[in-house]
Amino acid sequence: MKARHFGILLLLGVSVVPLSVSGWLMIHRAERTALSEVRRGNQRVAERAARRVSAYVDSEIDRLRALSATLSDSIGLSAAKTSQVLKNYRILYPHLRALDAFAPRCRPLGFGAVDDQPRHACDDLAVTEALTDRVYRGSVALTHDFAMTMTIGVPLDIAGETVGALVADVDLVGLWPAVNEVHVGQSGRARLVAADGTLIAHGDPEERRRVFLRETDPFAAKVRAGGDQGARYPDSQGREVLAVSAHLHDPDWLLIVEEPVAEAFSGSALMSRDLLGIVAVAAVVAVVLGLVVGGLPVRSLERLRAHAHRLGSGDFEARVALPRLPELRSLAQAMNDMGARLKELQETIRANERLTTFAQVASGLAHDLMGPITDVWTACDEAVKGQRSADDVRQLLAPAAERHLPKLARFVTDLRRLARKGTVPMDLAQIEPVQLSQEVIRDIASDARWKELGIEFAVTGHAPLFIADRSLFERALINLVKNAADACAEKEINGEPGLAYAVAIDVSEDPQTNIVFTVTDTGRGIEPERLADLFKNELKSTKHTTGVGLGLSVVRQVAHAHGGHLRADSVVGQGSTFRIIVPKVPPTDENLDELSD
């Protein structure tokens, strides 16, 4: 994971996430607090409205009690006079829809109806309850003119003795204000529900028709079961509402106060929005500060990483600016010190490589010097010894002067260039490959040693002109041919059977238009375990009676300097084959120093 990504995750872990969690907890607590406050507030409203409804019912009972006390004084009057008194009371209190008086044993005392007909029978529960000295509160009924009425029965007594019953149908229109005046929020309303769930009154004008349709409240049981906690549910208009209730014990009614949840939580929503804004601003500030402050070490680490890449690519002179943080500052200083030490080590290695290169090339030149020196030595020795004419001396020294001494001069020049510049540049020219091979074979075959051993040399094939350093390429072919001749001579000297021993150079052009020099011999061959080690560029000779010596590394360098390569195949007891494969035109920027490794 990148340091920047880790820093961002760390910033999220220590600032944004805790702020977000704290904000969520604060908002959640604010909502719970708002819910609790709304519930308690609406509960108080419901209880006040319930007390008003209960007080209204109690006032009607007290009114009937007062009427019963007045009628007790007239208990001895005739039925007509008693009925007239009751009619007068109905005129005085028009919300009394019916007013009847009964004596014990269901004897009617009088009726308040205009037609003098009773509205209650003597066996009605209201009559029997009142005659037993108990106040009766009946259920709510709907009259033919859609008035909500309630039957109330009170006893008539004289000196504490029950002498009759007074029963009235009370119009409940007086309790509507107690329900209609309840307003919570913008659209929260109250409703009054009977024990069986029938709607008695409703404060919402759009829902009031349900009262006159004698509909049952579908949520009354749920609200009643919720107790002090109330209930939440979607109302008949599809709004999510919060409902609380207050219970009237006598009569057994339930006053419900509803408020839409959206309105109940409006204040909480505003506070939650403010809290969310505060948390968001705090998170943004924390992120910005974290990126600005925390970005300093991240950027320093990125600079250190880039500096490490530069050191890895070999730019040991590069230096990184020192950060302000002490830990990163010490790390940057250590990296700068490491770069300086690596630079010193690089210079030391380069110096050692130059010495190694000089030693390798000088060793190769010294190896190849032995051939021309031996030939010149032999020619001079033959010319000095014995009595030879001037023509014989010129004939002996002519090859040395024409071929061997220029080679020696080229070797000395290469050594001087190597010592002065550290490289041996090539002298490129067009070369006829067959002619070059023939000259190499002619020089080597002239050695009497090979004639005595019966080793034959040949040049075959054909190839077009190519561009190369003639001197270097001649050295490479001489090394290969001499190694091949040595391998054949070793086989002859050891007395191994064989009809003839031969060394041949075959010149050809491959499908990639490369020039191929193939040197084959019929010597004893090379063991497979040593074949892979032939091209190691070592200073010490590897010639151990195999016909393969230090000259092979020179051949490999020459082939590489011309953009080519050297291949070898061998079969023990049958001979070896070496191929120098080079392009017709070598790369112009190649030299022995660049390719000697």
Side-chain angles (χ1 to χ4, degrees), residues 364 367-368 370-372 374-375 378 432-463 473-510 514-536 541-559 564-582:
H367 175 272
D368 292 343
M370 294 305 298
T374 301
D375 293 337
T378 301
E432 209 288 323
V434 175
Q435 180 183 356
L436 175 63
S437 302
Q438 290 172 346
E439 291 177 0
V440 170
I441 290 296
R442 184 172 63 248
D443 289 343
I444 295 177
S446 62
D447 192 336
R449 186 165 67 97
W450 310 128
K451 295 179 181 179
E452 293 176 0
L453 295 174
I455 299 175
E456 298 179 356
F457 297 89
V459 177
T460 61
H462 173 75
F473 230 93
E474 185 178 3
R475 286 172 56 193
L477 289 176
I478 288 174
N479 275 288
L480 286 180
V481 173
K482 282 188 175 181
N483 285 341
D486 286 338
C488 293
E490 181 184 352
K491 190 174 182 182
E492 172 67 20
I493 292 171
N494 293 335
E496 298 182 15
L499 299 176
Y501 304 102
V503 176
I505 300 178
D506 180 73
V507 182
S508 62
E509 182 180 11
D510 67 5
N514 294 319
I515 303 300
V516 182
F517 291 85
T518 305
V519 179
T520 59
D521 65 70
T522 57
R524 64 176 299 176
I526 305 171
E527 293 80 1
E529 60 271 13
R530 298 200 58 231
L531 192 60
D533 299 330
L534 290 181
F535 305 111
K536 289 185 177 179
S541 175
T542 59
K543 187 173 181 180
H544 298 291
T545 64
T546 61
V548 179
L550 181 64
L552 196 59
S553 66
V554 176
V555 176
R556 182 180 68 86
Q557 293 183 37
V558 172
H565 55 278
L566 178 65
R567 291 181 180 176
D569 298 296
S570 183
V571 178
V572 177
Q574 297 182 15
S576 303
T577 300
F578 290 85
R579 293 181 178 85
I580 302 177
I581 304 173
V582 295

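Side-chain atoms are counted along with the backbone in the values below, which use heavy atoms only and exclude waters and symmetry mates.
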Original post:
CD of E509 to CD1 of I515: how many Å apart, nearest 0.5 Å?
Top reply: 5.0 Å
Original post:
So, for A463 and V507, which heavy atoms are closest and what is the spacing to 0.1 Å?
Top reply: CB-CG1, 3.4 Å
Original post:
Got L436 and L477 here, is their nearest side-chain heavy-atom distance under 4.5 Å?
Top reply: yes
Original post:
If you measure from OG on S437 to CZ on R442, what distance do you get to the nearest 0.5 Å?
Top reply: 11.5 Å
Subject >> F457 and W450 aromatic ring geometry - parallel, tilted or perpendicular at 30°/60° bounds >> reply: perpendicular
Original post:
Would D506 and T460 count as having a side-chain donor-acceptor pair, cut-off 3.5 Å?
Top reply: yes
Subject >> From T518 atom OG1 to R567 atom CZ, the distance as rounded to the nearest 0.5 Å >> reply: 10.5 Å
**OP:** Side-chain contact test, heavy atoms from C-beta onward, threshold under 4.5 Å: evaluate it for V555 versus F578 and give yes or no.
**Re:** no
Original post:
If every non-hydrogen atom of A559 is compared with every non-hydrogen atom of V582, which pair is closest and at what distance?
Top reply: O-CG1, 4.2 Å
**OP:** State, with a plain yes or no, whether a side-chain heavy atom of R579 is found less than 4.5 Å away from one of D569.
**Re:** yes
Original post:
For the residue pair S570 and I526, what are the closest heavy atoms and their distance?
Top reply: OG-N, 2.6 Å
Original post:
Atom NZ of K482 and atom CG of D443: how far apart are they, to the nearest 0.5 Å?
Top reply: 9.0 Å
Original post:
Quick check: does any side chain N or O of T522 sit under 3.5 Å from a backbone N or O of A502, one acting as donor and the other as acceptor?
Top reply: yes
Original post:
Quick one: CD1 on I441 to OG on S446, what's the gap to the nearest 0.5 Å?
Top reply: 11.0 Å
Original post:
In terms of side-chain geometry, is the basic nitrogen of R449 or D486 positioned less than 4.0 Å from the acidic oxygen of its partner?
Top reply: yes
Subject >> Nearest heavy-atom neighbours spanning A445 and K451 >> reply: O-CE, 3.4 Å
Subject >> Smallest separation among heavy atoms of R556 and L566, with atom names >> reply: N-CD2, 4.2 Å
Original post:
How many angstroms lie between CD1 in I455 and CD1 in I444, if you round to the nearest 0.5 Å?
Top reply: 11.0 Å
